Amino acid sequence: MMNKAIPTPLDSIEAAAEQVRAQLNLKAFDAEAVAHLANFIEAQRGVLPAADRPGVVMALGCFLGHCLVQVYRGEWGTGRDGTTGVGLGERFFFNPFHLVDAQLNEGESASVAAFFASVPARLKTPPAVRKAWIS
């Protein structure tokens, strides 16, 4: 009898991201794919049944997160608040599920593509200097 490896949470995230990539007929996990994802989210706003929303947010968030990992060399992890997200540059932690949900709620003003395009500038910004005193 062959033992099947139990999938890890990361395996499940990557499998969901790959399913979205295939369903949306995208070639890669890159900025172009994220632009397409933003357009797809816009098309779903107002027509996505409430019962389907959690699953869609989960799947699209896995895809967006995997794009962050691939393009910006991020790493999946757990934030201080227990949420799953992607760490970048050892300073940032982004929750791709929240980002997808925000665009579904707010529209293009919360575009995942605009966020994705802003990442290089965020990574270049020097960390804020912490004051050692209280004023």
Side-chain angles (χ1 to χ4, degrees):
M1 185 172 178
M2 253 176 109
N3 288 338
K4 282 192 173 184
I6 297 171
T8 67
L10 184 57
D11 293 335
S12 298
I13 287 169
E14 290 174 351
E18 178 56 31
Q19 281 184 320
V20 170
R21 188 202 62 73
Q23 285 182 335
L24 297 180
N25 199 26
L26 301 170
K27 295 176 186 165
F29 296 97
D30 57 11
E32 184 179 326
V34 175
H36 187 86
L37 175 65
N39 291 334
F40 179 78
I41 292 169
E42 281 305 302
Q44 298 305 304
R45 292 184 72 233
V47 298
L48 180 64
D52 294 345
R53 187 177 174 127
V56 169
V57 168
M58 180 65 68
L60 299 182
C62 288
F63 180 81
L64 176 60
H66 197 63
C67 290
L68 287 166
V69 168
Q70 292 296 309
V71 173
Y72 299 119
R73 288 175 252 159
E75 188 173 342
W76 283 101
T78 304
R80 290 183 204 146
D81 62 354
T83 60
T84 300
V86 176
L88 294 172
E90 297 183 21
R91 293 186 322 170
F92 298 102
F93 183 80
F94 299 110
N95 182 326
F97 310 102
H98 171 76
L99 294 165
V100 167
D101 193 53
Q103 185 174 348
L104 278 169
N105 288 332
E106 301 165 32
E108 290 188 20
S109 66
S111 168
V112 296
F115 162 78
F116 196 84
S118 77
V119 171
R122 292 172 192 254
L123 292 173
K124 287 179 187 174
T125 303
V129 177
R130 289 193 167 186
K131 307 264 192 242
W133 45 271
I134 298 174
S135 58

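Heavy-atom basis, side chains included; hydrogens, waters and symmetry copies ignored. None of these values were measured; they are calculated from a predicted model.
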Chemist: In chain order, what residues pass the side-chain contact (heavy atoms from CB on, under 4.5 Å) check against Thr8, with sequence neighbours excluded?
Modeler: Leu10, Asp11
Chemist: So do Thr84 and Ile13 actually touch side chain to side chain, heavy atoms under 4.5 Å?
Modeler: yes
Chemist: Assign the ring pair Phe29 / His66 to parallel, tilted or perpendicular, where the plane angle (0 to 90°) is split at 30° and 60°.
Modeler: perpendicular
Chemist: Which heavy atom in Tyr72 sits nearest to a heavy atom in Pro120, and how many Å separate them?
Modeler: OH-CD, 3.4 Å
Chemist: Between Glu75 and Val86, does the side chain to side chain contact (heavy atoms under 4.5 Å, CB included) criterion hold? Intermediate values first, please.
Modeler: CA-CA 5 Å; Glu75 188 173 342; Val86 176; 5.8 Å; no
Chemist: How would you list, by chain and number, every residue that makes a side-chain contact (heavy atoms from CB on, under 4.5 Å) with Phe93, sequence neighbours excluded?
Modeler: Thr83
Chemist: Not counting sequence neighbours, list each pair that qualifies as a salt bridge (charged side-chain N to carboxylate O under 4.0 Å, His left out) and has a residue in residues 51-63.
Modeler: Arg53-Asp101
Chemist: Which atoms form the tightest heavy-atom contact between Ala113 and Ala35, and what is the distance?
Modeler: CB-CA, 4.0 Å
Chemist: Using atom types as modelled and distance alone, determine if a side-chain donor or acceptor of Arg45 lies under 3.5 Å from a backbone N or O of Gln103.
Modeler: yes
Chemist: To the nearest 0.5 angstrom, please state how far the OG atom of Ser12 sits from the CD1 atom of Ile6.
Modeler: 11.5 Å
Chemist: With sequence neighbours excluded, tell me which residues meet salt bridge (Lys or Arg N to Asp or Glu O under 4.0 Å) with Arg91.
Modeler: none
Chemist: In the structure I gave you, are the side-chain heavy atoms of Phe63 and Leu26 within less than 4.5 Å of one another anywhere?
Modeler: yes
Chemist: In the structure I gave you, are the side-chain heavy atoms of Pro96 and Phe116 within less than 4.5 Å of one another anywhere?
Modeler: no
Chemist: How close do Leu99 and Val112 get, counting heavy atoms only, and between which atoms?
Modeler: O-CG1, 3.7 Å
Chemist: Between Thr125 and Ala121 (side chain of the first, backbone of the second, donor and acceptor by atom type, cut-off under 3.5 Å), is there such a pair?
Modeler: yes
Chemist: Taking all non-hydrogen atoms of both residues, which atom of His36 and which atom of Leu24 are closest, and how far apart?
Modeler: NE2-O, 3.8 Å
Chemist: Could you tell me how the ring of Phe94 sits relative to the ring of Phe115: parallel (under 30°), tilted (30 to 60°) or perpendicular (over 60°)?
Modeler: perpendicular
Chemist: What distance do Leu88 atom CG and Arg73 atom CZ have between them, rounded to the nearest 0.5 Å?
Modeler: 10.5 Å
Chemist: Which residue pairs pass the salt bridge (charged side-chain N to carboxylate O under 4.0 Å, His left out) test when at least one of the two sits in residues 14-33, sequence neighbours left out?
Modeler: Glu18-Arg21
Chemist: Applying salt bridge (charged side-chain N to carboxylate O under 4.0 Å, His left out) as the test, list every pair that has at least one member in residues 76-90; sequence neighbours left out.
Modeler: none
